[in-house]
Amino acid sequence: MPTVSSPFAKITGFFSNPVFRKAVIGFSGSAAITAAGMLLSPVISRLYRPTDYGEYAVFSILLGNLSIVSSLNYLGALLLPKRNDRFAALAQLTLWLSTLVSVGFLGLLWLFEDSILSFFDIHSIGNMVYWIPFLLVVSVLSSCLQSLCIRENKYSVRAVSDVSANLSGKGYTIAHALWFGPSPIGFILGDMLNRLVAVGVVLVRLPLRITRLLTVPAPFRRLWKTAYFFRRFPVQVLPSTYLNIVSSQLPILLFKKFSTSAEVGSFAFASSMLELPVSLLGGALSPVVMRDSVQAYHEGGVNQLGKFCAGYFRKIFLGLAIPFAAAAVLGDLIFPTVFGAQWQTAGVVACLLAGYYAFRINYYIFVSVYTIVHKQLYDLIFNIVLLVARFAAVYFVVQSHGFLYAVGAYSAVSLVLTALNSYVLLATMGVRSWRIAIEQFAYFAGLLALLYAGREGIHHFMA
C-alpha cells in the first residue's frame with residue numbers, strides 16, 4: 001500500500017540528507033559561534049542610526065557593482081573546470097581583471113571625486129571612498145579562495161573563515177561606535193576587516209600545495225587560452241547576473257533621491273536581515289547543489305538533473321519558508337523589540353518584503369543550473385523584465401503614494417517574477433513546475449494564515 005508522507009517528514013528527510021550535511025559544514029562550522037555572530041546584530045542596531053546604514057548601503061552598492069563588472073562574473077565559473085591548471089588560470093585571470101579595474105577606478109576618483117560623491121550623495125563618507133579599489137581586489141581574492149575550498153572539499157576551512165570574518169567585522173563595527181561614535185565609517189572599516197580575515201584564515205588553514213594554484217603565476221599564454229575557452233561565459237551569464245543585482249539595488253538609489261536617509265537605512269537594514277538566511281544558507285547550499293547537479297547531469301542527462309533539482313526545490317522551500325512567513329506576520333513586532341525602537345519602520349518594511357524573500361531563496365540556490373542546461377538567455381530575459389518592473393513600481397509609486405507603498409509594490413513584482421523564473425528553470429528540465437508552484441503558494445499562504453490567526457488570538461487574549 002502506498003504511503004503518504006507529510007511535509008514535516010519531507011523536511012526531516014531533507015535535513016538528514018548528505019547534501020544538506022555538507023551545506024551545514026559550509027554554513028556554520030560551529031553553531032555556537034555562528035549564533036553569537038548573529039546575536040551581535042541587535043547590538044549594532046542600537047549603536048548606529050538608520051541614516052548611517054543608509055550611507056553604508058550606497059557604499060556597498062558601489063563596491064558590489066565594481067566586483068561583478070571587474071571579474072566579468074568569472075567567479076561563477078570557478079567550479080566548472082575539471083583540471084587544476086585551468087581552474088588556476090581562470091582564478092588568476094579574474095584577479096588580474098579586478099586589479100586593472102581597481103587601478104582605473106582609482107584614477108577616476110582622483111579626477112572626479114566631487115562629482116562621484118555628489119551623484120551618490122555620500123559626502124559623509126568622504127575619503128573612505130578611496131578604499132573601494134583595495135576592497136575590490138580583496139573581495140575577488142576571497143571569492144577565489146572560497147571556490148578553492150569547495151573544489152578541494154575543504155568545507156570546514158570555508159566555515160571557519162566565514163565565521164571568523166563575520167565575528168571580526170561585527171566586533172570592530174561595535175568597537176568603533178563605542179570609541180568614536182556612530183558613523184558609516186564604522187561599517188566600512190568593519191567590512192574591510194571582515195574581508196581581510198576571510199582571506200587570511202583560508203591562506204593559513206589550507207595546505208601550501210592547494211594555495212599554490214593561486215600563488216604560482218600562470219603563463220600568459222594559458223591565461224589567454226582560458227579566457228578564450230570561457231569567452232561565452234561573460235556574454236551569457238554576466239548581463240543576467242548584473243541586471244539582477246542592479247534591480248535589487250535600484251530601490252536604495254531611488255529612495256535616496258525621493259525619500260529620507262532614515263527610510264533608505266530602514267529599507268537597507270530590513271533587506272539585509274532578510275537576506276541573511278538567504279546568503280548564509282543559500283551560499284552554503286548553492287555550491288553543493290551546483291556540484292551535485294553537474295554530476296547528475298553527467299550521469300543521467302536532463303531527466304536525471306530535473307528529478308534531482310525538483311526534489312530539493314520542494315524540500316528546501318518547505319523548511320526555509322517558515323521563518324520568512326513569521327517575518328511577514330510578526331516583523332513589525334520583532335524589529336523594534338530586538339533591534340530598538342528606531343527600527344520600527346524597518347519592521348514594517350520586513351513584513352512587506354518577507355514573502356518575496358521566501359521565494360527568492362530557491363532562485364538563489366538553483367539559478368546557476370541555467371548554465372548546465374544552456375538556458376542562460378531565459379534568466380537574462382526575466383532579469384530585464386524584473387529591472388523594468390521594479391523601476392516602474394518604485395519610481396511611480398514612491399512619488400504618488402509614498403515610501404511604504406513603494407516597498408509593497410517592489411515586493412509584489414519581485415515575488416511574482418522571481419518565482420516565475422524559478423519555475424521556468426524547472427520546466428526546462430522537463431519538470432511539471434506548475435504543480436510545484438501551486439504546492440508552494442498554498443503552503444506559504446497556509447503558514448501566513450496560521451501565524452496571523454495565532455497573532456490575533458494572542459492579541460485578543462491579552463486585550
Side-chain angles (χ1 to χ4, degrees), residues 41-42 44-65 117-125 128 173 177 181-188 191 245-276 278 324 327-357 360 386-387 389-415:
S41 294
I44 294 174
S45 66
R46 284 175 164 80
L47 293 173
Y48 287 88
R49 302 157 296 189
T51 52
D52 299 324
Y53 209 91
E55 299 291 335
Y56 170 65
V58 178
F59 179 91
S60 298
I61 285 176
L62 274 172
L63 179 59
N65 277 273
L117 294 178
S118 298
F119 180 80
F120 291 100
D121 193 17
I122 50 174
H123 285 284
S124 60
I125 293 176
M128 291 302 297
T173 302
S183 73
I185 295 175
F187 285 112
I188 294 172
D191 188 12
I245 291 174
V246 169
S247 65
S248 65
Q249 297 167 345
L250 188 65
I252 293 177
L253 298 177
L254 291 177
F255 290 144
K256 185 73 173 173
K257 181 176 179 62
F258 297 108
S259 301
T260 65
S261 294
E263 288 175 332
V264 173
S266 296
F267 180 89
F269 184 75
S271 299
S272 67
M273 289 298 102
L274 293 171
E275 185 71 25
L276 186 62
V278 175
F324 292 108
V329 176
L330 305 172
D332 59 329
L333 300 178
I334 295 173
F335 270 67
T337 302
V338 175
F339 302 113
Q342 62 182 335
W343 298 101
Q344 175 70 48
T345 302
V348 179
V349 172
C351 289
L352 296 172
L353 293 176
Y356 156 57
Y357 277 92
R360 166 172 159 72
L386 181 61
L387 176 62
R390 281 174 166 174
F391 177 83
V394 176
Y395 181 79
F396 293 110
V397 176
V398 73
Q399 296 182 75
S400 60
H401 292 83
F403 171 70
L404 290 178
Y405 281 96
V407 173
Y410 165 84
S411 180
V413 299
S414 299
L415 189 157

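Just so it is clear, the model here is predicted, and its values are computed rather than measured.
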Worksheet entry | Tyr410 and Phe255 aromatic centres sub-6.0 Å | no
Worksheet item: Which distance, rounded to the nearest 0.5 Å, do you find between the OG of Ser266 and the CZ of Phe403?
Response: 6.0 Å
Worksheet item: So which heavy atom on Leu274 is nearest to which on Ala327, and how close?
Response: CD2-CB, 4.0 Å
Worksheet entry | Qualifying residue for side-chain contact (heavy atoms from CB on, under 4.5 Å) with Arg360, from Leu415, Val278, Leu353 | Val278
Worksheet item: So, the side chain of Asn65 versus the backbone of Ile61: is there a donor-acceptor pair under 3.5 Å, distance only?
Response: yes
Discussion item. Could you report the tightest heavy-atom contact between Cys351 and Asp332, atom names first, then the distance?
Written reply: SG-N, 3.2 Å
Discussion item. Ala270: which residues meet the side-chain contact (heavy atoms from CB on, under 4.5 Å) condition with it, sequence neighbours left out?
Written reply: Phe335, Ala346, Val349, Ala350
Discussion item. I'd like to check Tyr53 versus Ser272 (side-chain heavy atoms, cut-off strictly below 4.5 Å). Are they in contact?
Written reply: yes
Worksheet entry | Pairwise side-chain contact, Pro42 with Val338, heavy-atom cut-off 4.5 Å (strictly under) | yes
Worksheet, complete the sentence: Distance col, row Leu253:CG vs Leu250:CG, nearest 0.5 angstrom, shows 6.5 Å
Practice prompt. For residues Trp343 and Phe339, report the shortest heavy-atom separation together with the two atoms involved.
Written response: CD1-O, 3.2 Å
Practice prompt. Report the C-alpha separation of Gln249 and Ile252 in whole Å, then their side-chain angles, then the decisive distance to 0.1 Å, and conclude whether the side-chain contact (heavy atoms from CB on, under 4.5 Å) test is met.
Written response: CA-CA 6 Å; Gln249 297 167 345; Ile252 293 177; 5.7 Å; no
Discussion item. In the structure I gave you, are the side-chain heavy atoms of Asp52 and Arg49 within less than 4.5 Å of one another anywhere?
Written reply: yes
Discussion item. Check the orientation of Phe324 and Tyr357. Use parallel for under 30°, tilted for 30 to 60°, and perpendicular for over 60°.
Written reply: parallel
Item to complete: Measure the spacing between CD1 of Ile188 and OG of Ser183 and express it to the nearest 0.5 Å.
Response: 8.0 Å
Only pairs under 3.5 Å count here: list side-chain donor-acceptor contacts from residues 391-401, not counting sequence neighbours, and write none if there are none.
from   : atom 1 : to     : atom 2 : distance (Å)
Gln399 : NE2    : Tyr395 : O      : 2.9
Ser400 : OG     : Phe396 : O      : 2.9
Ser400 : OG     : Val397 : O      : 3.4

Worksheet entry | Non-neighbouring partners of Glu263 that pass salt bridge (charged side-chain N to carboxylate O under 4.0 Å, His left out), sequence neighbours left out | none
Fill in: Main-chain N/O of Tyr48 paired to Gln342 side chain as donor or acceptor, under 3.5 Å
yes
Practice prompt. Determine, stepwise, if the pair Phe59 / Phe187 fulfils ring-ring contact (aromatic ring centres under 6.0 Å, His included).
Written response: CA-CA 10 Å; Phe59 179 91; Phe187 285 112; over 10 Å; no
Practice prompt. Looking only at non-hydrogen atoms, find the nearest pair between Pro184 and Ile125 and report the distance.
Written response: CB-CG1, 4.3 Å
Worksheet item: Do the side chains of Leu63 and Asp191 get nearer than 4.5 Å, heavy atoms only?
Response: yes
Discussion item. Any heavy-atom pair between the side chains of Arg390 and Pro251 that's under 4.5 Å?
Written reply: no
Worksheet item: Which atom pair, heavy atoms only, marks the closest approach of Pro336 to Gln344?
Response: CG-OE1, 3.3 Å
Worksheet item: Counting only N and O atoms by type, is there a donor-acceptor contact under 3.5 Å from the side chain of Ser411 to the main-chain atoms of Leu352?
Response: yes
